[in-house]
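Below, read A as the first sequence line, B as the second, and so on, with proteins coming before strands; counting in each chain starts at 1.
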Amino acid sequence: MAQIVGGIGSSHAPSIGSAWDKGLLQDPLWRPVFDGYAAARAWLAEQKPDLFVIVYNDHANRFFFDAYPTFALGVGDLHAQADEGYGKRDLPDLKGDPDFAWHIARSLVEDEFDPTICQEMTLDHGVLSFLPALADLAVPVIPLAVNVIQHPIPTARRLYRLGLALRRAIQTGPADRRVVVMGTGGLSHQLHGTQVGRFNAAWDNEFLDLLESDPERLAALPHRDWMERGGTEGVEMIMWLAMRGAMGPNPTRAFRNYQVPMTTGYGLLALNPDQVAVQPPST
Amino acid sequence: MAQIVGGIGSSHAPSIGSAWDKGLLQDPLWRPVFDGYAAARAWLAEQKPDLFVIVYNDHANRFFFDAYPTFALGVGDLHAQADEGYGKRDLPDLKGDPDFAWHIARSLVEDEFDPTICQEMTLDHGVLSFLPALADLAVPVIPLAVNVIQHPIPTARRLYRLGLALRRAIQTGPADRRVVVMGTGGLSHQLHGTQVGRFNAAWDNEFLDLLESDPERLAALPHRDWMERGGTEGVEMIMWLAMRGAMGPNPTRAFRNYQVPMTTGYGLLALNPDQVAVQPPST
Amino acid sequence: MTSPAHDIVSGALVFTGERSRLGYRLNRMAMSLTQPANRAAFQADEAAYMRAMGLDDVEIDRVLRRDWKAMLDNGGSIYLLLKIAGSVGHTLQQVGAHTGGITPEALAERNKKA
Amino acid sequence: MTSPAHDIVSGALVFTGERSRLGYRLNRMAMSLTQPANRAAFQADEAAYMRAMGLDDVEIDRVLRRDWKAMLDNGGSIYLLLKIAGSVGHTLQQVGAHTGGITPEALAERNKKA
Ligand SMILES: [Fe+3]
Ligand SMILES: [Fe+3]
């Protein structure tokens with residue numbers, strides 16, 4: 001049956017994608033970032049993944065406020081690139097994994113999650129900024145979009161529990177798959193207001209520490225704390241908790257990188273999952 | 001502050017709406033149905049409601065399978081009528097209650113529900129078939145649509161818990177409102193297949209009994225049981241559990257009617273809510 | 001509900017994700033008929049309209065023959081079939097009876113017993 | 001987060017439902033710019049395009065003046081303002097600096113300290 005073979009936490013930002021597209025791998029500003037992705041890429045390839053489950057957020061590209069989902073799961077055959085308002089980048093559409101994705105839908109709904117199920121999904125920089133630097137784009141993807149841009153947004157605890165539920169869903173999957181779960185967002189950044197451009201390296205590093213060692217403590221943090229420490233837009237860091245939840249009680253670190261190329265904390269973390277058996281549902 | 005002053009369970013069906021539009025109030029087939037609505041309408045008016053929260057389902061009119069929400073909450077100023085493929089009926093658009101609806105959104109998300117939040121909502125016969133017979137259409141409505149047409153659909157227990165969460169949300173509402181909560185669907189009916197047209201009056205009446213006396217037992221029923229007893233389309237009866245959950249532990253019956261005008265069990269139930277205080281969150 | 005044997009209840013199909021995927025193009029075409037202009041275009045030339053919506057010849061043929069059972073068996077949602085029915089002047093009873101392999105008269109007889 | 005005082009964190013606006021409601025027309029117009037044809041139409045005649053999208057004169061004027069702070073204060077989502085910015089040739093840095101009442105140069109200086 002299916003098994004979880006790795007976890008990746010990564011920042012996402014349009015700038016990563018455009019730096020990648022421009023080939024700035026040796027640029028003094030970007031080299032430390034892309035060196036990190038190269039190292040994580042080598043580790044990832046060793047895990048021989050054949051499915052990525054990616055918990056990310058859409059930035060008002062696939063979804064608008066006429067109907068904005070708290071969670072949206074992509075179950076289609078193909079996930080096209082969204083045009084974010086600047087035209088599309090030269091990237092392939094990503095393959096989906098419909099049978100596995102419908103299984104995840106069933107498992108999540110049975111576990112009292114309420115996703116919007118999408119047979120037509122498009123992906124924005126929430127996935128497509130960092131993924132080309134990290135992974136083979138031929139690997140199928142099941143995207144799970146989270147509302148972190150229009151409050152009310154789900155609690156950090158809900159994201160952590162989503163990860164626990166994803167772990168059960170994947171481990172009971174209908175096909176032999178080697179699955180890597182990714183969570184992406186942040187790290188600290190502030191796009192507007194009197195403190196525009198602030199970041200918080202101390203918090204970003206504390207977050208990376210706690211994510212490994214004490215995710216429950218992060219899960220208990222209210223949104224206000226996330227926003228005060230990491231910025232109103234930095235609240236998207238909570239999505240890493242879904243990846244962490246899917247890793248089981250005691251994952252081990254494979255790789256970690258943290259850089260601040262341009263007023264945004266760029267983090268990258270690779271985890272080897274705990275290999276304990278399927279957990280019982282937590283009610 | 002806001003208080004819950006009543007609960008209504010009702011079947012919905014295009015036929016109720018077209019019989020109403022044709023003025024078949026004295027028709028031998030329809031009179032027992034509309035006499036029921038007239039009685040419930042008198043009771044409802046006595047409760048002086050100024051807000052309806054309606055848990056219903058869309059029948060692929062507002063939402064399609066490109067992105068089908070498990071739960072969708074309407075927070076707009078106005079909810080227009082959906083064209084279901086036959087042209088629109090002569091009905092006014094329904095008013096919303098945005099401030100109260102956003103409060104409900106916050107409360108539900110805090111309670112770990114994951115609704116899609118809709119600033120543009122249109123309503124189909126899930127609401128508009130029975131509502132004109134029952135209520136003053138000038139009363140504002142907060143619609144909460146449930147996926148019961150594309151499996152996986154939420155469990156009966158999830159619907160009951162949704163009702164418990166709605167009770168907390170309404171009772172902590174930001175404005176002085178007299179709220180009636182409605183749940184609609186079914187009763188037993190089968191629209192296709194070798195047993196097309198079957199209904200199950202014994203089950204419908206048992207359901208109406210249990211809804212009042214032992215909702216936990218209904219909440220524990222798996223979908224297969226609902227479908228075997230009430231039809232694959234009759235599974236939408238689970239939405240009544242959300243209304244029941246919002247009524248508190250011991251509501252009292254104000255009115256009940258059950259008729260079978262045309263191969264579908266048509267039920268109508270009015271409850272006086274239990275007036276106990278706000279319940280603590282159930283984890 | 002993953003295997004076909006498990007998604008049939010009392011002779012009726014449970015509309016699962018797998019069925020929804022199978023019938024996606026048909027259902028999307030049917031959904032488009034909630035717009036009056038699209039209904040008019042469909043009614044003016046059914047086959048041309050469906051071809052423009054990406055349906056293949058087999059799918060188009062099922063609609064042209066009003067083969068509601070075949071549409072349902074191939075992933076049509078009953079709620080979306082009813083929109084096609086509305087556009088071609090068939091009733092809920094005609095559609096339902098056809099999917100059950102009985103005549104509309106036999107279904108009306110069942111109704112009377114209610 | 002119901003009262004305005006509660007939806008400001010460290011000088012930044014929390015994009016609440018109430019703000020989303022207030023800025024709905026502006027944000028919807030911005031969302032439409034994810035379509036290349038709409039971007040071209042907007043660029044050809046900004047005011048006419050926005051009027052056709054239902055914006056009022058005050059809303060249109062804010063866009064014409066590139067008053068990002070006023071757009072944000074009146075319910076614009078930062079992510080949707082960025083789509084307008086893309087269509088008119090402003091950068092993330094220009095938009096962000098304007099909402100913070102600082103110059104793009106001052107923001108660049110902050111960035112360098114990173
Ligand atoms: Fe982001
Ligand atoms: Fe229904």
Exercise. Would you call A:Arg157 and B:Glu112 a side-chain contact if the rule is heavy atoms closer than 4.5 Å?
Worked result: yes
Exercise. Which residue out of A:Asp66, A:Asn147, A:Leu108 racks up the most heavy-atom pairs below 4.5 Å with chain B?
Worked result: A:Asp66
For this session: Determine whether more than 12 heavy atoms belonging to other residues, nucleotides or ligands lie under 6.0 Å from atom CD of B:Glu110.
Result: no
Exercise. Residues of residues 67-80 of chain A under 4.5 Å from chain B (heavy atom pairs)?
Worked result: A:Ala67, A:Tyr68, A:Pro69, A:Thr70, A:Phe71
For this session: Count the heavy atoms belonging to other residues, nucleotides or ligands that lie under 6.0 Å from CD of A:Glu228, then report whether that count exceeds 12.
Result: yes
Problem set entry | Residue among B:Met121, B:Arg62, B:Gln150 with most heavy-atom pairs under 4.5 Å to chain A | B:Gln150
For this session: Would you mind telling me which of A:Val109, A:Ile153, A:Thr155, A:Asp114 has the largest number of heavy-atom pairs within less than 4.5 Å of chain B?
Result: A:Asp114
